[in-house]
Amino acid sequence: MDELFEHSSIKRAYFTLALPVVLSMAVTLIYNMVDTFFVAKTGNPNLVAGVSQGAPIFTLMIALGDIFGLGGSSVISRLFGEHRDKLARFVSGYCFYAPIICGIIVTAIMIIFQTPILHLLGASPATWQYAREYYLVIAWGAVFIIFGLSPTNILRTEGLAVQSMIASMVGTGINIVLNPIFIFTCGLGAAGSALATVTSTVIGDILMIYYLRTKSKKLTTSIHETKISWKLQFEIYAIGIPASVTNIMATFAVALTNRYLIVHGADSVAAMGIAMKANMIINMVMVGFAFGAQPLIGYVYGAKDEQRFNKVVKFDIQVVASLALILTIILFIFAPQVIRIFMNDPQIIKEGALMLRWLSVSTTLAGIILVFTTMFQSMGKATPAFWLSFCRQGLIFGVVISISAKLFGYTGIIAAQAVSDCLTFILALLFFYFYRPHFK
């Protein structure tokens with residue numbers, strides 16, 4: 001491990017850690033497309049709506065899992081860089097069991113308060129049955145869903161990115177296979193979609209535990225190696241909570257955009273949904289490389305290797321920005337053709353192509369923002385990490401879309417994310433100036 005992080009070339013170390021994460025993201029992207037396809041194939045709009053209403057709960061569980069996965073991996077990477085391996089081992093033990101406890105609490109809350117929560121999610125009399133079926137299966141699977149995000153990220157801190165990728169890809173692949181079986185063959189409908197997700201997650205979790213126990217030399221699954229100081233616990237949550245905010249804010253941005261677009265008709269909402277799915281291609285690539293590089297950044301920062309730290313961050317920005325720019329140009333040129341893959345409706349294609357171009361035009365800036373965000377997370381700088389996560393699709397986006405919708409109407413709504421990205425990019429540069437690392 002030390003050989004990879006300390007002595008390998010920047011390119012070799014970077015791509016060794018990042019490429020498996022990118023491949024995992026690619027498989028996840030395929031799953032998202034396939035899952036939407038199979039649920040829609042039921043031909044029951046109330047069932048589709050019910051699953052959509054339950055989906056934010058799944059997103060919230062991923063956000064909770066990220067607290068321990070991203071927060072823990074940030075702390076562990078820095079401790080490895082400082083060669084405090086025993087302390088890092090205990091942090092890994094804490095991050096192994098804490099999400100299990102969190103998952104049990106979430107299941108209890110969701111079961112006890114299922115009726116008010118379903119109302120909060122917008123379940124109507126027509127969709128209630130389907131939303132509840134999906135909701136209950138996801139609720140009982142909360143432990144496995146929340147837990148899975150921890151070993152996925154922690155394995156990479158020891159250079160086991162390929163093993164993490166294999167476990168994630170196996171789980172996602174099984175999910176894709178089980179979806180049509182549970183939904184159609186078994187006739188489980190909405191519950192089938194959720195059961196496929198939970199079952200595949202359990203299998204992926206088992207595989208990750210296997211890798212932790214057999215491949216890792218510095219991490220642990222022992223319940224006897226979990227006691228860490230309040231200071232280290234605070235560091236985990238100080239970094240993990242801001243990291244999880246990104247998922248929550250993405251959900252917020254989608255809901256807010258749909259709310260403003262609905263006055264322009266259901267076609268506009270549908271077109272934006274498709275455009276966002278297509279734009280996920282760029283986002284997944286950026287997230288894969290940015291988060292894949294995080295253990296390396298944390299390690300060299302902990303090792304106080306200023307020269308290597310600067311080279312890693314610079315290379316990270318170059319890779320993410322270059323790929324984002326290339327994919328942006330491709331999507332910008334072929335936007336109508338991309339939208340047509342999902343729906344061959346002239347009005348949807350026209351609106352969706354315009355929306356996709358607006359969404360993709362600023363993704364290069366969004367990629368650089370993401371690099372800065374993961375860099376701050378790796379350094380343990382919770383304040384800038386939180387505000388960048390909170391602002392791009394949260395605070396700044398909310399202010400921008402409310403103003404631009406009033407001033408420019410429809411165009412202002414679909415251009416809001418691009419404007420938000422530009423403003424958040426300026427904020428990221430300011431944070432870098434004030435929070436840039438000092439190694440002396």
Side-chain angles (χ1 to χ4, degrees), residues 25 28-29 32 36 52-64 66 70 120-122 241-264 266 268-287 290-291 324 328 331 339 351-352 354-370 372-374 385-428:
M25 290 293 178
T28 301
L29 177 63
N32 284 331
T36 303
S52 298
Q53 288 164 341
I57 290 295
F58 182 71
T59 304
L60 178 61
M61 289 180 186
I62 292 174
L64 290 172
D66 278 340
L70 297 177
L120 188 65
L121 291 170
I241 291 174
S244 72
V245 165
T246 303
N247 277 320
I248 298 170
M249 289 302 101
T251 304
F252 168 79
V254 172
L256 194 59
T257 301
N258 288 342
R259 180 182 171 187
Y260 277 97
L261 274 177
I262 193 64
V263 298
H264 296 278
S268 295
V269 176
M272 179 57 82
I274 293 170
M276 286 181 170
K277 283 278 187 183
N279 197 53
M280 278 177 64
I281 297 168
I282 305 178
N283 291 330
M284 288 290 191
V285 171
M286 293 191 306
V287 168
F291 280 100
T328 294
L331 285 182
I339 301 299
E351 286 197 60
L354 180 63
M355 291 170 176
L356 180 55
R357 284 168 176 155
W358 271 112
L359 286 172
S360 63
V361 74
S362 63
T363 45
T364 301
L365 294 182
I368 298 172
I369 293 165
L370 185 59
F372 279 127
T373 305
T374 53
F386 171 78
W387 284 110
L388 288 179
S389 298
F390 181 63
C391 285
R392 180 180 168 254
Q393 292 187 299
L395 180 62
I396 290 178
F397 178 80
V399 173
V400 167
I401 197 171
S402 63
I403 295 173
S404 60
K406 287 182 181 179
L407 294 178
F408 306 105
Y410 177 84
T411 303
I413 297 169
I414 63 177
Q417 187 61 69
V419 176
S420 178
D421 287 345
C422 292
L423 295 175
T424 309
F425 178 71
I426 295 171
L427 181 64

### Task
Verify side-chain contact (heavy atoms from CB on, under 4.5 Å) between Gln417 and Gln393, making sure each step is shown before the conclusion.
CA-CA 8 Å; Gln417 187 61 69; Gln393 292 187 299; 3.5 Å; yes
### Message
The test is side-chain contact (heavy atoms from CB on, under 4.5 Å); show your working for Leu261 and Tyr410 and say whether it passes.
### Response
CA-CA 7 Å; Leu261 274 177; Tyr410 177 84; 4.0 Å; yes
### Message
With rounding to the nearest 0.5 angstrom, report the CG to CG distance, Leu395 to Leu423.
### Response
11.0 Å
### Task
Quick one: closest heavy-atom pair of Gly412 and Ser404, and the distance?
O-OG, 2.9 Å
### Query
Do Thr363 side-chain atoms and Ser360 backbone N/O form a donor-acceptor pair below 3.5 Å?
yes
### Message
Using only atom types and a distance under 3.5 Å, with no angle test, would you say the side chain of Thr373 pairs donor to acceptor with the backbone of Ser389?
### Response
no
### Query
Mind checking whether Phe390 and Phe386 have parallel, tilted or perpendicular rings, split at 30° and 60°?
parallel
#### Entry: Closest approach of Ala416 to Val400 (non-hydrogen atoms, all atoms of both residues)
O-CG1, 3.6 Å
### Query
When rounded to the nearest 0.5 angstrom, what distance separates CZ in Phe372 from CG in Leu388?
9.0 Å
### Message
So Ile282 and Asn279, do their side chains get closer than 4.5 Å, heavy atoms only?
### Response
yes
### Query
When rounded to the nearest 0.5 angstrom, what distance separates CG in Leu365 from CZ in Arg392?
9.5 Å
### Query
To the nearest 0.5 Å, what is the distance between CZ (Arg357) and CE (Met355)?
13.0 Å
### Query
If you round to the nearest 0.5 Å, how far is CG of Leu359 from OG1 of Thr328?
10.5 Å
### Query
Looking at Thr257, Thr424, Val419, which hits side-chain contact (heavy atoms from CB on, under 4.5 Å) with Phe397?
Thr257
### Query
Closest approach of Leu256 and Gly398, non-hydrogen atoms and distance?
CD2-CA, 3.8 Å
### Message
I'd like to know whether His264 forms a side-chain contact (heavy atoms from CB on, under 4.5 Å) with Ile413, so could you lay out the CA-CA distance, the side-chain angles of the two residues, the decisive distance to 0.1 Å, and finally the verdict.
### Response
CA-CA 11 Å; His264 296 278; Ile413 297 169; 3.8 Å; yes
### Task
Could you tell me which non-hydrogen atom of Leu427 sits nearest to which non-hydrogen atom of Cys391, and how far apart they are?
CD2-SG, 4.0 Å
### Query
Which value, rounded to the nearest 0.5 Å, describes the distance between Met272 atom CE and Tyr260 atom OH?
13.5 Å
#### Entry: Shortest non-hydrogen contact from Ser362 toward Asp421
OG-OD2, 2.5 Å
### Task
Taking all non-hydrogen atoms of both residues into account, name the closest pair between Val361 and Ala418 and its distance.
CG1-CB, 3.9 Å
